[in-house]
Amino acid sequence: PAFGLFLFTIARDPLRIIILIAGAFFWLVSLLLSSLIWFIAVKASDPRDERLQKGLLIFGVMFSVLLQEAFRFLYYKLLRKAIEGLVALSEDGCSPISIQQMAYVAGVGFGLMSGAFSMINLLADALGPGTVGIHGDSQLYFLTSAFMTMVLIFLHTFWGILFFHGCEHRRWWEIVAVVVMHLTVSGSSFCNPLYVGSLVPSYILMAAAAAWAYLLSGGSAQNLRRFLLCKS
């Protein structure tokens, strides 16, 4: 599904590809900084203290989420400046891409890079040693991880739309809602290996974020009905 989004809505437009790659780069930088902070914290602490190490892991996840959203805000500011430059350079005084389209493409960029790193971690685990479920644990690790990666890609897409809309219209509660949803989804991963505790809330939040982003983008129930019935 994520590849379908890229193929049908982004791949044919060079400007959208540039925005997507830049968005992926911003997410990558946020991951690099958060990983560096977590690495320093772990090395500076006692590795034998399991309670402390678990607390540092929780801190690392929460800090990473906040840093990702901070870089999403920085990327919004950068794109806002880019729109002003595009308007100044255009012959008709109009930008070739709207801020809503930028928000969507930037969200896909964040999501694809997040999904790519999730996939790399899974492939690294798949190399071994050991067999999934050999000690009685769930054998659905890879399958549930694939579904979790997919939901995170879509959530980043919807969060990008909601976040940019909040910044554009000074609705700070929308930005707070995005941060809270991001923290909730990331925090639910600590329920694993009880995968129902992470997958179900994540997909419920994805449905809510999708509906919210659809409405903010100008969608309506009538448009949705026409789409489902293939009417123009």
Side-chain angles (χ1 to χ4, degrees), residues 1-24 27 72 75-76 79-80 82-83 86-87 90-116 118-119 140 142-169 171 173-175 177-178 181-182 184-185 188 195-196 198-232:
F3 180 72
L5 285 180
F6 170 77
L7 187 64
F8 294 111
T9 64
I10 298 175
R12 297 180 181 180
D13 191 330
L15 182 58
R16 295 186 182 187
I17 294 177
I18 293 174
I19 296 173
L20 180 139
I21 294 175
W27 186 91
R72 199 193 302 272
Y75 193 41
Y76 162 78
L79 291 179
R80 207 69 192 81
I83 287 183
L86 291 173
V87 170
S90 64
E91 296 179 356
D92 56 358
C94 297
S95 173
I97 185 171
S98 65
I99 190 66
Q100 291 86 355
Q101 293 171 336
M102 283 187 171
Y104 164 75
V105 177
V108 175
F110 268 63
L112 287 179
M113 184 55 69
S114 173
S118 298
M119 182 180 69
L140 302 177
F142 292 109
L143 182 63
T144 53
S145 297
F147 277 98
M148 194 66 188
T149 299
M150 183 178 68
V151 75
L152 279 175
I153 294 174
F154 281 118
L155 277 171
H156 272 292
T157 302
F158 303 140
W159 287 338
I161 297 173
L162 298 176
F163 195 97
F164 278 42
H165 186 272
C167 293
E168 191 73 8
H169 297 276
R171 296 182 179 179
W173 59 273
E174 292 180 351
I175 299 175
V178 170
M181 284 191 288
H182 200 166
T184 302
V185 172
S188 67
Y195 297 115
V196 176
S198 59
L199 282 177
V200 173
S202 298
Y203 272 84
I204 291 175
L205 284 176
M206 184 193 71
W212 193 359
Y214 175 73
L215 294 175
L216 291 182
S217 300
S220 64
Q222 184 180 10
N223 291 339
L224 182 60
R225 183 174 61 84
R226 288 178 177 177
F227 167 74
L228 293 176
L229 297 177
C230 298
K231 293 183 179 181
S232 59

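Atom SG of residue Cys167 and atom CZ of residue Arg80 lie 10.5 Å apart, to the nearest 0.5 angstrom. Here CE of Met113 is found 9.0 Å from CD1 of Ile21. Values are rounded to the nearest 0.5 Å. The CE atom of Met150 sits 11.5 Å away from atom OG of Ser202, with the distance rounded to the nearest 0.5 Å. Interatomic distance, CG of Leu79 versus CE of Met102, reported as 5.0 Å (0.5 Å rounding).
The shortest heavy-atom contact between Pro201 and Val196 is CD-O, 3.5 Å. Taking both residues in full, the closest heavy atoms of Gly115 and Thr149 are given as CA-CG2, 3.5 Å, listed atom of the first, atom of the second, then distance.
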Check against side chain to side chain contact (heavy atoms under 4.5 Å, CB included), Asn223 and Tyr214
CA-CA 10 Å; Asn223 291 339; Tyr214 175 73; 3.5 Å; yes
Apply side chain to side chain contact (heavy atoms under 4.5 Å, CB included) to Thr144 and Met148, showing your working.
CA-CA 6 Å; Thr144 53; Met148 194 66 188; over 6 Å; no
Intermediate values then yes/no, side chain to side chain contact (heavy atoms under 4.5 Å, CB included), Gln100 and His165:
CA-CA 8 Å; Gln100 291 86 355; His165 186 272; 5.9 Å; no
Would you please test Leu162 and Leu216 for side chain to side chain contact (heavy atoms under 4.5 Å, CB included) and show each step?
CA-CA 8 Å; Leu162 298 176; Leu216 291 182; 3.3 Å; yes
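Ser188 is linked by a side-chain hydrogen bond (donor to acceptor under 3.5 Å, both in side chains) to nothing, counting only residues two or more places apart in sequence or in another chain.
Checked by atom type, the side-chain pair Tyr104/Ser217 shows no donor-acceptor distance below 3.5 Å.
In this structure, Ser114 contributes its side chain and Phe110 its backbone to no donor-acceptor pair below 3.5 Å. Under the 3.5 Å distance criterion, the side-chain polar atoms of Arg16 are left unmatched by any main-chain donor or acceptor of Val105.
Between Phe164 and Tyr76, the ring planes are perpendicular. Angles over 60° get that label, and only those under 30° would be called parallel. In this pair, Phe3 and Phe6 present their aromatic rings tilted. The plane angle is within the 30 to 60° band.
You'll find the side chain of Trp159 reaches within 4.5 Å of the side chain of His182, heavy atoms only.
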